[in-house]
Every structure is written in structure tokens, then in C-alpha cells.
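Keep in mind that the numbers below use all heavy atoms, side chains included, and drop hydrogens, waters and symmetry copies. Everything quoted here is computed from the prediction, not taken from an experiment. Here is the naming used below: chain letters follow the sequence lines, and residue numbers restart at 1 for every chain.
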4 protein chains.
Amino acid sequence: MSAARLVITCPDRPGIISAVSGFLAAAGANIVRSDQYSSDPAGGTFFLRMEFTGAGTDIAGGFAQIGERFDMDWRFWDAAVPKRVAILVSREDHCLQELLWRRRRDELDAEVVLVASNHEDLRSDVDAYGLPFHHVPVSPETKPESEARLLELVAGHCDLVVLARYMQILSGDFLDRVGAPVINIHHSFLPAFAGTAPYTQARERGVKLIGATAHYVTEELDAGPIIEQDVIRVSHRDDVATLTRLGSDIERLVLSRAVQWHCEDRVLRHGETTVVF
Amino acid sequence: MSAARLVITCPDRPGIISAVSGFLAAAGANIVRSDQYSSDPAGGTFFLRMEFTGAGTDIAGGFAQIGERFDMDWRFWDAAVPKRVAILVSREDHCLQELLWRRRRDELDAEVVLVASNHEDLRSDVDAYGLPFHHVPVSPETKPESEARLLELVAGHCDLVVLARYMQILSGDFLDRVGAPVINIHHSFLPAFAGTAPYTQARERGVKLIGATAHYVTEELDAGPIIEQDVIRVSHRDDVATLTRLGSDIERLVLSRAVQWHCEDRVLRHGETTVVF
Amino acid sequence: MSAARLVITCPDRPGIISAVSGFLAAAGANIVRSDQYSSDPAGGTFFLRMEFTGAGTDIAGGFAQIGERFDMDWRFWDAAVPKRVAILVSREDHCLQELLWRRRRDELDAEVVLVASNHEDLRSDVDAYGLPFHHVPVSPETKPESEARLLELVAGHCDLVVLARYMQILSGDFLDRVGAPVINIHHSFLPAFAGTAPYTQARERGVKLIGATAHYVTEELDAGPIIEQDVIRVSHRDDVATLTRLGSDIERLVLSRAVQWHCEDRVLRHGETTVVF
Amino acid sequence: MSAARLVITCPDRPGIISAVSGFLAAAGANIVRSDQYSSDPAGGTFFLRMEFTGAGTDIAGGFAQIGERFDMDWRFWDAAVPKRVAILVSREDHCLQELLWRRRRDELDAEVVLVASNHEDLRSDVDAYGLPFHHVPVSPETKPESEARLLELVAGHCDLVVLARYMQILSGDFLDRVGAPVINIHHSFLPAFAGTAPYTQARERGVKLIGATAHYVTEELDAGPIIEQDVIRVSHRDDVATLTRLGSDIERLVLSRAVQWHCEDRVLRHGETTVVF
């Protein structure tokens, strides 16, 4: 039985759910999951995600009229079509391995179209999964050429870019032209310890928990909408190396959850924050 | 602005959400929160909870036709009307204190109509909150009379009975006649350590986490539908007294959450389990 | 059987444990718990906490020689003597209630010598526990007089000052003269959201976890050594009022743990951080 | 700088720490970490683990006299010598992958000497790490021969056997003759849901958290001393397949921690439970 999703964001007003569910019922669809959120009791923004069976996404054409009537930002997605994902990585393997291994286990509703890295270190890991690996070196002088090369590889060829511990800052120009959302994993519980060496900062501040944050990338560093965060308990005994090791377990789980949720169309942007159904 | 809730359980089939939301739209209601769950892709049970504003619960009469058409178990509830709660307790104060204190802070959408106990110990605590306290002693010989007295106090006078560490087993006859759901807190992570002295059992087994379970009471001891559970990490250093102390913090939080969710009509029974929206 | 504790901080070098445990053995003590930490493999700081029975704290005199030999900061404490604690509070009751209630249950190894507040709101709550309540109003103009009055009340009369949501900043002068450590609870996961209105900041940033931090107070606001932190998961559905309510549960648990650990001599300061045994 | 560990279990009595630390000081050792636990205030069992530098494990000979005097079960271990680990696995890859990947990252203080399986499925995964893989099929008829073959492979060649989701029950005879501790991961929060299909049991019972348990294997199924446990929150939405997937993340983390702690000599058996330093 084919399944599909409908995701809607629009100004809140009465009658939206009735109009949408009436349309789906008329199209022969059975709603199997419905999540809804209104940002305010009145006058806010309305968010809706419905999963349904029994009707294809070819019903999208007929939906345009409702979309227009309620000034909706709307999208249908066939649940059988995995999102195409490009992964950028530097030298650390843990987030990459976690994503590729989950993909192999069918735990990630995604097709990994390529892995690109500014280092050669992880080529054999990617080869082992039979996936294309591209070495795109970056230096301060060659950054524009590197980004141009990355754009050639990913723009138009993927639905999502994942920075799996990619230790380069992407320019605003790159973000404008990549044509797909970009998810990054930051190795701290943002907004604490933004920027470099968060585990060193955490050790110096003496925090009792460390964390990781998956967020959409925007031009402002480590400030984009947060998708998922988690933490782990640490103590005075844990030096920076141990914090880094403990934190890497959180990083790969948090990033995996964020990517999976995005691929299931469960993450809706709401200004500088997210709604996660 | 008055708010109300509609909670529905029925056999799953296409068109339910459309019919319900169409009815609410026609009644001038604005849906501010909607949660839905189907127990199976096809042929399962359908669960729905909607919060809406702009229409009173007096629209319930008009809903009967839809309820009949879809063979629904349905209920409207005015969000401004708190559930009437009776609390039974024995000697331990922590769960009772937590509930009364939350009620005072307006964190519990409930009216505590009375506290009854088989001991006198907590009378002054209840007095301090200006609530009625009833001493209903129980002994093996007087159990039928005690339950009869409790039924006099609570049956028909409350929407929910909470066992806040009430250390007596209620008979099937009492449960049949009380006319309201009964929530209990068990001081273990069920189904582990059912029955007596769970912290002693936990110590002997050497578990590394202990927990608590809030569940609806059924005739079978510690086997009713689970509403909420949580755990806390423990170690070899923690003796039974320490486990009891650590566990009591989990018990009162778990029970509070379960009672609050029930009072918000967010807990729907599904056979021997629950759906918690 | 009387129990006592010995807590030591000194430059690390070989032979310390041998000297200390040899001394205790000669004094007839049986060590029932020993925790030790060295900040570095070599040349760091050495921290030790031992619990022992079978010898009183009157053995302290004989220890001075060892203390001098190893350049120790050391302290014996009779486990039967509770720390004297003064609590400062403003209008929010949750942290105060938690501490007083735990004290009544014998879960806090402390004697609460007084509660002082810049508001009258919580007087009856404190009265209910039979404890002295002092109203010490503060305004920008009267701050020096207020602090002088607080110093009269607490300096020399307590071993610990606890700020249980006391919404006034204490001056450096006050901290210099109070003669006891001061523990504060901050309602965020520091260093995120220092300063005012952390839950509003958290809502705006869209974090997926909120937290609380108990720390020793230093002159720099919200920057003192952290004793304990914890978090709770939140979502887009939780507005500032809900975050405040959820966070208050974390605040009172985190503060209670920090105060209890301090009272058990389990928290040792290490520069701007803590060692918690 | 070479580091070593001394682990001691013996009847508790005064003077043990003094004798041990005096011996180490005389041998020129610097104690960098010390953990101690007494099971009872008096007359219990004493557990000690010390990490020290500056003296080799060749001092063990001189220690025998102290060991005899206090009736100790004692062991020195050179921290530079990794434990030799044999892994048994069936068809599920997640626990095996986690262990091998952590070994490659130097996060596991172990040498994996071989992987044996009753199925061929995971041979290529093991080959990819350059480790020996042995296929030892098992059927009800051939179980004695299979266990004999496994004993040939592992007895005397490893310090630890890890059952990384090995779906065969080992006989008491095997356990008697294997000559090394055996750690198993059970896919439930024991003692809940021992035996087969724990996730199905969890779904039917409607629990709100699922867990995993790493324990030493004894002849009684799923009843050996627990080393580590953890849980993850689940809901009514999670079917058995989802529980299995969510649970597998907990299984691999719990097993990894248990194996790592064992390899660091931090797990001491205490009857049917463990002391974990």
C-alpha cells in the first residue's frame, strides 16, 4: 500500500484541517497519522503534517486551490521515494560511519548520493559501502574554487546536504546556491560553547553535562534553527580527550535522529526555530 | 476564550478526521491542537484528541450522529472545568505533598475533593492545604466495611481516584462500583519487581537503574495499563534506604505527570495499554 | 558508631594516601569510603575524601603534622553534626519548599537556621515548618543596609548560604564578609542563557532541552564553580510559561542535590570548577 | 610512564588501605586513582581498585604476604596490556560493529582475537577489519560438538568472551571450561522481559521505556550479575520493529560500556551483583 505525506505551513485560521481532510477523504485517502501545531491561540502560524495511504501524490494538482485559499506553503511527498543526501566530512569518522551503517540497515530513509571531503582519510571507509567519494581539498586561498567544485557535485543532485563533522565554514554564497537545506552537527549543547574547541571550553567551565546539537545551517555560525539536542553526564575525572570520546557518541546519535526526521518530513522551519512532529 | 476538548476512539476507516473537523468548522470552532493515532495501517483502532476554541461543549448534542455513524466512543470536555480528584494515601507523604503542592501552584488541572487514608499520620499536612481529610482505617477483618466507607466518600463525587502510595489492595468489587478510573503509583519499573518491597528486590538483583510506574488499576495486581514510567541511575553504593529515597523522587514526578495528563484527557485506554497524546 | 569525614586538597606527590591511611589506622579508624582524584598524571592537585568510623574528630590535632608535611588544605567533620544552613529566597516557593520538605523527611543533612526574603510572600510557608522567617526588603537605594542586615543574620551563624531563587545580586563585599560558601540555583544550563529571563531566551533560541545549574556564587554573575546540572526535554509546543513550570522541577532537584552533596563534604573546589565525590 | 592497576576483594577490617598504600609507596608507586567500597558498615566485604604509576606489576610477588594476611582475592594488571577478547555473534551486526569500530578508534582497551558465529552473514564485516572469523554452526543435534569447537578456539586464548547478540544458550559445561568471564547483552531492562522476544513482550505490556542489560553469564538464563543497563523512551506509536531498532542503539552502547569497564578492571563481582568503580 503506497503511503504519502502532506506538510503544510500557513497563517492560522478556522477551517484548515476540515478543508485538508475533506480533500484527502474525497481523494480516497486514509489518514494514518496527523500532527498539528498552532504557534499561538489566535493569529499565529499553523503547521500540519499528515501521513495517508490509498491515494498517490498525483492528487497534488487538485490541492493547489486549497493551498491558495489558505495562503499555504505546502508539499506532498511519496513515502516510497527516499531523500537524496550528500554528506560532507573532514577527518573524523564517527558521524559518517553512523549514517552509512544506518543506511545499510535500512534505518535511514535516504539515498546517499555521494560523500565529499577536504581530506583523503575516509576514502576507504566510503569505498567499503560502494559509494562515490570525492576529495575536494580546501585552503584559505582556494576556498572559492573548492565551494564551486562542491556546488557542481551537489547542487541539483540532492535534497539534503549533511555536514557530518565537516570542519569548514560554508559561505553565504554557497548556502544561497546549494538549493537544498544543510544540516550540521555541532559538538556542544548550543548556545553554550559555540565556535571552536567546545570540549576544551566545557572542561574549563567545569560543566557536569556535555551535549551535541543538530541544526540547519544559516550564514551566522552555529546559530541556525535547532532540530535536535542531547546530553551526557560527565565529571571532573573526564579530561578533554574523554569528553571528546563521550561527546562523539552523542554527536552521531543526535545527527542521525535529525537527518532521519528531516527525511521523514517531520521537521518544519518556524523562523529561527523548528517544529518537530 | 473558552477552550474544549474532544476525545474519540473508534474502529479505523477513511473519512473520520474529515467528518469530525468538518463538524467543528461548521460549529465555528478553531482547532488549536490535534493528535491522532491508528493502531494498524488498516483495520485497527483509531484514536483522536482535538483541542478547540470558539465553540462550547454544548455542541456535543449535534455530534451524536457522527458518533453513531463511525461507532465512536466519544467525549467532549470543557477545559475550564477541572477534574474532581480523590486521593487515597497511607503513611508516606511524598506523592501526596507533590500533588497538593502542584495543585496550589496551579500546575494540576484538578480539584482535590478529599484525601482519605488508613492512617492518621498525614492529617495535618492535608489540613494545611485546607482540604478535607478522612481517616478510614483498614484491617483484614474490616476491609469490606472500609471499602464501603470509601465508596460512600468517593463514588459519584469524583472523576478520578489517585492512589498516592496507598498500601492496600482494592477489591474487584470496589473497582466495579467506584465509577471513576483509579491511577496507582508502583515503586518499580514494571513489570520488573511487581508486588511487595520492590527496592529490596532491586538491591538484591543489583540493577543499575530503578524506576516507578503510574498505571490504571485493574483487578490484577500491578498489571493495569501503564500511563508513565521513569528511572534513575543507582549504583552498588546505594543501600535499600537510599534506593527508597532516590526512588521516591521518581515516584512523585511520574505520578504527577500521569495525573496531569489524565486530567487533560490526554490518556486513552487501548486494551491493556495506553495511548498518551 | 560515630562516623567522621576527612577532606584533603594538596599538591600531588607519592605517599599521601599511605601517610593518611596509616595515620587513620593508628588512630583505630576503619575507612568505610574513600574517593581520590588527581588532576594530572604528574604535578597536579590531589583531592581526597575519606569516611571512617571508630575514631572521633578529636584526632584532628594529631593530623596537623601530616597536613603541614604535604602542604594540605584539610578538614575533619563529624558526620553526626549537620551543617547550619541559611536560605535566602524571593517570591518563588518551589526550591524553598523542596529543601524544607527534604529536611523534614531527614533527607538533607542540614539544620535550617533561618529563611530570609526580600518579600513577605513565603512567610506562612516557613512558619508551617516552625522555622524563623526574616523579611529583609531590598531596593536599589537600600541595598547596602539590606546586605548589612543579612550579614547580621547569617555571618557567623551558618556554614552555608543557599540562594533558593533569591532574585537579588549579592555584592562582592557581602561575599567577602559572609564567611560561608554561597550556593545559587540558576534556571538555565549554564553557560547558556546566563543573566535574566533564561526561559524566554530558551524559547527564542528554540532549544530542545532546558536545564538548571547549581553553583557556588562568586563576584562574577552566573560564573562560579558548577556543582550540579540537569536538563529536561522540551518541544516547540512548550511556551515560556510551560518551560518555566518544567524547569522549576529541574531547579529544585538540582539545588537539592547540590546542597546535600555540599553538606556531606563531597564537593571540593578546584579553581573555577568542582570535584564532586 | 607505565601505569598499572591493583584490584582487591577481601573481608572488611581496619588497616587494609593503610597496608596496601604503604606497600605501594614503599615500591615507589604514585596512586593516581583509588576507589573503595565496603558492603556493610561492619563485617562486610571490602573492594578496592587502585591505579598507580612509577612501579611495574613485577611488584606483585612482594604483595603476596599482604594478600595472605588479609585473606585477599587480589590481582595486578599492567594497563599497557590489553585484554584479549573473543566475540561470539549470530546474525545481528549492530553490537559487533560497535565493538570493532570502537577498537579501531582506540576507544576499547582490548585486542579482539577472533569472532565466531553460528552463521556466515557477518564474515565480510569481520574481514573488513582484518580479524579472524570462524563459522561454527549449531543445531540442537550438534550442540556438544559446536561447543567443543568453540572451546578449542577460545579457552586459553582470551581473557574475556563477549556475546554480541549470540542467540544460543551456552551450557553449564561450556561455562565451566571456558576459563574466562562471559559478558552477554540482553535486549531488555532485566529482570523485566527475560527470555525470548523481549521487544514483543514490551509492546504487549505497553511500557513507556525499553532497555538493555549487559551481564556476566551464569548457568541460569538472563540471571547473572548485571554490569550496566540503560533505557530509552518509547510511545504507543512504536511498533515491535521500531522498538527493535530503538533498542539496538541502547544495546550496542550498553554492551560497549560494560566491555570497556571490564577491560579496565573496573567491574568486581559481589555475589549475584557487581561493584562498578
(request) Could you look at C/Asp40 and say if it's the side chain, the backbone, both or neither that has a heavy atom under 4.5 Å from chain D? (result) neither
(request) Would you name the heavy atoms of D/Gly15 and C/Ala25 that are closest together and state the gap between them? (result) CA-CB, 4.3 Å
(message) Can you give me the closest heavy-atom contact between C/Gly22 and D/Ser18, atom names plus distance?
(response) CA-OG, 3.2 Å
(request) Might you point out which heavy atoms bring D/Val32 and C/Ser38 nearest each other, and give the distance in Å? (result) O-OG, 3.8 Å
(message) Tell me the closest heavy-atom pair linking D/Gln36 and C/Arg33, and the distance in Å.
(response) OE1-CA, 3.0 Å
(request) Let me know if C/Ala19 has heavy atoms under 4.5 Å from chain D in its side chain, its backbone, both or neither. (result) neither
(request) Heavy-atom distances under 4.5 Å only: say whether D/Ala29 touches chain C with side chain, backbone, both or neither. (result) backbone
(message) Less than 4.5 Å to any heavy atom of chain D: does that hold for the side chain of C/Arg13, its backbone, both, or neither?
(response) backbone
(message) To the closest 0.5 Å, what do you measure between CG (C/Asp35) and CG (D/Asp35)?
(response) 6.5 Å
(request) Please determine which of D/Ile31, D/Asn30, D/Thr53 meets the side chain to side chain contact (heavy atoms under 4.5 Å, CB included) test together with C/Pro14. (result) D/Asn30
